[in-house]
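Shown next, in structure tokens, is the structure this report addresses.
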Amino acid sequence: MTTSKYLPREIEPKWQKRWEESGIYRSVEDPDREKFYCLEMFPYPSGDLHMGHMRNYAIGDAYTRFLRMVGYNVLYPMGYDAFGLPAENAAITRKVDPAQWTRQSIEKMKCVQKRMGLSYDWDRTLATCEPEYYHWNQWVFLQFLKKGLAYRNAAPVNWCPSCSTVLANEQVENGGCWRCGSNVQQKDLEQWFFRITAYADELVQDLDRLEDWPERVKIMQRNWIGRSEGAEIHFPLVGSETVISTFTTRPDTVFGITYMVLAAEHPLVGELVRGTDREEPVRQFSERVKGKSTIERTDETREKEGIDTGRCFINPVTGERFPILVADYVMMEYGTGAVMGVPAHDQRDFEFAGKYGLPVRVVIEDDARSIKAETMEQAYVDDGTMVNSGPFDGRNNREAMSDFVGYLEENGWGQASISYRLRDWLISRQRYWGTPIPVVYCETCGTVPVPEEDLPVLLPDDVTFTGEGNPLAASSSFGQTTCPGCSGHARRETDTMDTFIDSSHYFFRYTDPAYEQAPFDPEKAAYWMPVDQYIGGIEHAILHLLYARFFTKGLRDLGLTDVGEPFSRLLTQGMVIKDGAKMSKSMGNVIPAEEMMDKYGADTARMFILFASPPEKELDWNDHGVEGSFRFLNRVYRLVCKNSHLFDKPEDRPDELPDGSLSLVHAAHKTIKKVTEDIRNRFQFNTAISAIMELVNELQRFSSDGGELQPGDRWAMAEGLRTVILLLAPFAPHMAEELWELTGGSYSVSVQPWPPYDPALAVSRTVQIVVQINGKVRARFEALPDSSGEDLERRAMENPKIIELLKGKELVKSVVVPGKLVSLVIK
RNA sequence: GGGGGAGUGGCGGAAUCAGGUAGACGCACGGGACUUAAAAUCCCGGGACGGUAACGUCGUGAGGGUUCGAUUCCCUCCUUCCCCA
């Protein structure tokens with residue numbers, strides 16, 4: 001008998017070394033085997049590996065290990081999202097080289113990841129800050145430029161004064177910077193954009209194909225893209241050739257227009273009032289409005305402000321003139337920056353019109369009651385019958401909608417149109433630690449892309465980090481260059497790319513990280529892509545996942561891949577909570593991953609993380625709970641050691657099994673079935689682990705029941721223990737290896753076939769049947785699982801307690817559910 | 001304001017997909033065994049109320065509905081978290 005103790009500190013490094021030396025987690029393309037690409041969102045290498053990371057990897061690794069045992073050819077890589085602000089900030093405050101700082105952090109993180117025992121193919125590791133990687137950011141940029149998917153434009157942009165950079169719309173949260181929270185200001189700048197709106201429709205439509213994505217992520221994306229159908233209508237300006245266009249989702253209310261409002265940023269505002277007595281007040285008003293934040297301007301509860309321009313437009317459908325105003329609640333980013341005012345049928349317009357004495361004209365009536373403009377207390381926004389609408393009077397507005405748009409089109413007043421909330425992706429950043437945008441500005445040739453053969457445009461070393469402005473712009477070696485076209489003097493673009501570009505195609509790069517001709521080898525990508533299972537935090541529901549989807553479609557249209565959607569299945573893990581708050585540095589409630597592993601070992605940490613909560617839910621951290629997982633692993637270890645003699649001379653299964661052993665065999669098969677289904681179909685690691693615990697409890701009872709074990713018992717016990725080891729292999733891989741070896745198994749447990757189960761054995765030998773009377777449980781009895789309904793009913797009626805309760809009553813009805821219950825209704 | 005989740009013992013959570021024994025598994029707690037003692041380990045207990053007990057009544061945020069039967073399905077409401085404004 002072995003009496004050794006469970007010592008994770010000894011066995012974990014031992015097996016990690018063996019895995020590395022034997023290279024069993026390296027993946028190779030094999031057309032004869034079914035592939036499975038499992039991926040976790042790669043981390044930003046801050047150097048600290050926190051619980052959120054640990055949870056992410058524990059989930060992914062357990063699933064991957066399971067898949068390997070089930071027989072898939074698995075790709076499971078890891079890399080580092082290595083560009084970004086923290087490295088640059090460290091450079092400013094601590095005078096360290098961002099590249100060096102980042103590489104050190106990566107090594108630190110990798111070290112912790114290795115200690116966790118994760119089964120990555122480490123040969124495929126990449127870091128986005130390396131020229132071999134960002135080369136391909138630049139390459140894709142050039143291809144996008146050729147296809148018109150990248151362009152430069154002057155636009156009002158979101159500016160974070162604290163980070164001294166512009167931000168994409170997706171990076172503005174509640175009017176503040178997503179990183180530092182500072183109030184975002186609007187600034188007019190020349191910037192580079194990616195034309196994500198070209199794919200707006202496809203990005204919405206393809207969401208329907210993503211059946212294995214959480215519904216809420218799809219809803220968030222759908223809302224973010226904000227596709228709305230309606231019409232664009234053109235209004236002639238009185239006394240001018242100019243036409244003002246507006247987008248509306250309610251073209252059926254055009255007869256009810258009584259005014260128009262423009263955004264303060266609308267390019268026509270200046271022209272409208274030039275030289276009139278309205279010029280100065282309107283200019284002042286516009287300036288004041290521009291200084292307000294977006295949240296303030298779009299807050300629906302706030303009173304809206306406007307100012308008359310003194311100019312009028314003509315409503316083409318009626319020929320009437322109405323005033324044009326400038327108002328604070330209209331944003332240039334949405335629609336066309338001009339909004340037609342229909343006070344009777346839009347609540348915001350109604351309030352605005354009330355404040356400025358603008359007329360209200362009812363054009364849709366409630367079918368139940370008549371609506372009078374004079375007595376309305378709020379806008380009528382529902383559907384109804386069109387009135388005051390010329391040829392459309394009497395028709396239902398919803399049904400008449402498309403006819404009405406046709407009517408506008410025939411007369412040249414407008415046309416059907418689709419509007420998106422989604423804006424083009426602003427990718428320029430005035431920062432150093434990112435991918436240089438490969439463009440030069442030549443005095444004679446203008447904007448010139450850097451030729452592909454000159455890539456990558458490397459980040460220069462001769463920079464100083466002062467915290468003010470972009471260090472790249474101050475570098476003498478970088479800024480000045482010669483034009484690739486005319487060899488004349490040229491100036492380099494000093495902006496770098498948004499780091500979300502890095503994470504928009506890294507999953508392709510893993511399929512062949514050393515490939516030198518393109519971002520990836522099309523053939524290898526064809527084998528591995530798409531990612532079959534992607535795992536990461538819900539916080540990336542919009543930003544990263546939308547950009548990655550767009551990028552994939554862009555790469556597809558460059559002919560590099562056939563894949564249109566990068567991630568077939570998505571699992572969004574819940575946050576890690578401690579003491580009722582998100583575990584975070586700012587809350588001061590962080591448990592470092594390393595500390596956990598020092599104390600209990602990686603297997604315990606992984607086990608607890610998976611056991612404490614289902615992956616999608618929040619995980620409530622509890623120090624005592626970890627203790628429980630540690631105890632469980634100790635128990636398993638002891639149990640196997642105590643019974644190790646059973647494996648000295650393996651026995652064959654006897655023809656006849658003693659009763660207790662037979663029950664044990666049933667329990668083992670039932671457990672295999674449950675664990676298999678919980679992992680494969682539901683990602684329910686917590687219930688899978690519970691099931692293993694139950695089996696362990698049963699084995700322990702069986703082995704300590706006293707008395708000599710019969711030959712059949714010995715066989716059943718050995719089988720039960722081997723089953724437990726195999727089932728634990730995805731969750732506690734180090735211990736599983738150790739015990740597998742101890743029981744005479746061959747290396748490695750992680751490539752053993754997953755244990756099969758016999759459905760006939762994967763049921764309890766007897767089931768408990770309950771007898772209900774009028775819905776209340778009154779008696780129970782044991783029966784065989786396949787007992788017939790008649791049999792069960794007869795046995796229920798023979799039950800002394802039931803006979804007693806039935807005395808003097810009339811049996812009205814009985815319902816029998818075989819294997820479950822007999823329900824009697826009496827009067 | 002709009003959209004989407006979630007509410008079950010002292011705690012994390014099961015059962016909810018497909019209506020059928022609510023509380024699996026674990027933590028914390030209580031009792032016992034082993035020990036000179038402790039730790040570790042092993043065994044037993046446990047939703048609430050009443051009862052020595054058998055057992056009974058109540059019980060899954062609140063209220064209603066459907067059903068022989070509702071934690072599960074439907075309606076209304078409350079609380080809370082997330083996303084968008």
Side-chain angles (χ1 to χ4, degrees), chain A residues 5-6 169-170 172-175 214-226 293-302 329 331 334 347-348 421 537-543 572 574-575 577-578 580-582 607-614 616-632 634-635 638-639 642 671 674 677-678 681-682 684-697 700-701 703-705 767-781 801 811-827:
Chain A
K5 210 170 165 269
Y6 171 49
N169 276 17
E170 286 82 349
V172 181
E173 291 169 356
N174 285 331
E215 203 52 42
R216 64 194 202 110
V217 173
K218 292 197 275 184
I219 288 168
M220 278 191 233
Q221 292 217 349
R222 211 169 268 129
N223 291 343
W224 184 263
I225 298 167
S293 72
T294 306
I295 358 171
E296 200 183 336
R297 284 174 67 174
T298 52
D299 180 359
E300 281 169 34
T301 59
R302 183 191 56 92
Y329 68 90
M331 304 298 295
Y334 304 116
Q347 186 59 26
R348 204 166 53 173
R421 210 183 77 99
I538 184 77
E539 65 272 21
H540 296 107
I542 297 170
L543 290 166
T572 48
M575 287 190 304
I577 305 287
K578 186 161 186 287
K582 182 182 170 168
M607 200 77 187
F608 173 67
I609 286 169
L610 296 175
F611 176 66
S613 182
E616 305 233 54
K617 277 187 81 165
E618 291 178 347
L619 188 154
D620 204 329
W621 190 264
N622 176 320
D623 291 334
H624 294 299
V626 192
E627 207 82 49
S629 294
F630 186 59
R631 272 207 289 261
F632 170 69
N634 271 290
R635 209 156 66 229
R638 265 196 314 273
L639 188 64
K642 200 180 110 194
T671 306
K674 171 138 184 76
E677 288 171 356
D678 280 355
N681 310 337
R682 310 197 309 160
Q684 291 264 99
F685 303 110
N686 56 331
T687 49
I689 292 171
S690 310
I692 301 172
M693 286 173 169
E694 283 180 84
L695 180 59
V696 169
N697 291 344
Q700 184 149 1
R701 264 194 300 276
S703 78
S704 65
D705 255 1
V767 290
Q768 197 175 59
I769 303 294
V770 302
V771 187
Q772 294 184 344
I773 292 181
N774 290 349
K776 294 200 167 167
V777 180
R778 295 302 181 183
R780 302 156 205 267
F781 61 88
K801 218 185 139 189
L811 182 64
V812 185
K813 185 177 177 181
S814 69
V815 180
V816 183
V817 183
K820 294 247 158 126
L821 57 64
V822 178
S823 178
L824 307 171
V825 188
I826 62 170
K827 258 202 305 212

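The chains referred to below are lettered A, B, ... by the order of the sequence lines, with proteins before strands, and numbering in each begins at 1. The analysis underlying the following values was restricted to heavy atoms, covering all of them including side chains, and did not include hydrogens, waters or symmetry mates. A quick note: this is a predicted structure, and the numbers were derived from the prediction, not measured.
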For this session: Please determine if a side-chain N or O atom of Gln684(A) lies less than 4.0 Å away from the OP1 or OP2 oxygen of A15(B).
Result: yes
Exercise. For His540(A) and C83(B), what is the distance between atoms NE2 and P respectively, to the nearest whole Å?
Worked result: 13 Å
Problem set entry | Glu616(A) and Thr572(A): side chain donor to acceptor below 3.5 Å | yes
Problem set entry | N or O in side chain of Asn686(A) less than 4.0 angstrom from A14(B) OP1/OP2 | yes
Exercise. U41(B) and G56(B): how far apart are their C1' atoms, nearest whole angstrom?
Worked result: 39 Å
Problem set entry | Approximate separation, where rounding is to 0.5 Å, of Asn634(A) CG and Glu627(A) CD | 10.0 Å
For this session: Over all heavy atoms of both residues, which pair between Ser814(A) and Leu824(A) is shortest? Give the atoms and the distance, please.
Result: CB-CD2, 3.6 Å
Exercise. Taking OP1 and OP2 of C84(B), is either one under 4.0 Å from a side-chain nitrogen or oxygen of Arg216(A)?
Worked result: no
Exercise. OP1 or OP2 of G26(B) sitting under 4.0 Å from any side-chain N/O of Arg635(A)?
Worked result: yes
Exercise. For RNA chain B, which consecutive runs of 3 or more Watson-Crick or G-U pairs (each distance under 3.5 Å) count as stems?
Worked result: B:1-7 with B:78-84, B:10-12 with B:25-27, B:29-33 with B:41-45, B:47-50 with B:55-58, B:61-65 with B:73-77
Seminar exercise, completed: Which of C58(B), C55(B), A22(B) is nearest the side chain of Lys776(A)? It is C58(B)
Exercise. Please give, in whole Å, the distance from G19(B) C1' to Leu821(A) CG?
Worked result: 11 Å
Exercise. Using atom P of each nucleotide, how far apart are G23(B) and C78(B) to the nearest Å?
Worked result: 32 Å
For this session: Just compare C27(B), C83(B), C42(B) and give me whichever is closest to any side-chain atom of Gln700(A).
Result: C42(B)
Exercise. When the P atoms of A14(B) and C68(B) are considered, how many whole Å apart are they?
Worked result: 32 Å
Problem set entry | Phe630(A) CZ to A40(B) C1', straight-line distance once rounded to whole Å | 11 Å
For this session: Could you state the atom-to-atom distance from CZ of Arg348(A) to P of G2(B) in whole Å?
Result: 15 Å
Exercise. If you take atom types as modelled and just measure distance, does the side chain of Gln772(A) reach the base of G20(B) with a donor-acceptor pair under 3.5 Å?
Worked result: yes
For this session: May I ask you to evaluate whether Arg778(A) reaches the phosphate of U21(B), defined as a side-chain N or O under 4.0 Å from OP1 or OP2?
Result: no
For this session: Determine the Euclidean distance between corresponding P atoms of U16(B) and C27(B); express it in Å to zero decimal places.
Result: 24 Å
Exercise. Aromatic rings Phe608(A) and Trp621(A): how do their planes relate, parallel, tilted or perpendicular, breaks at 30° and 60°?
Worked result: perpendicular
Seminar exercise, completed: Rounded to the nearest 0.5 Å, the CZ atom of Arg778(A) sits from the NZ atom of Lys776(A) at a distance of 6.0 Å
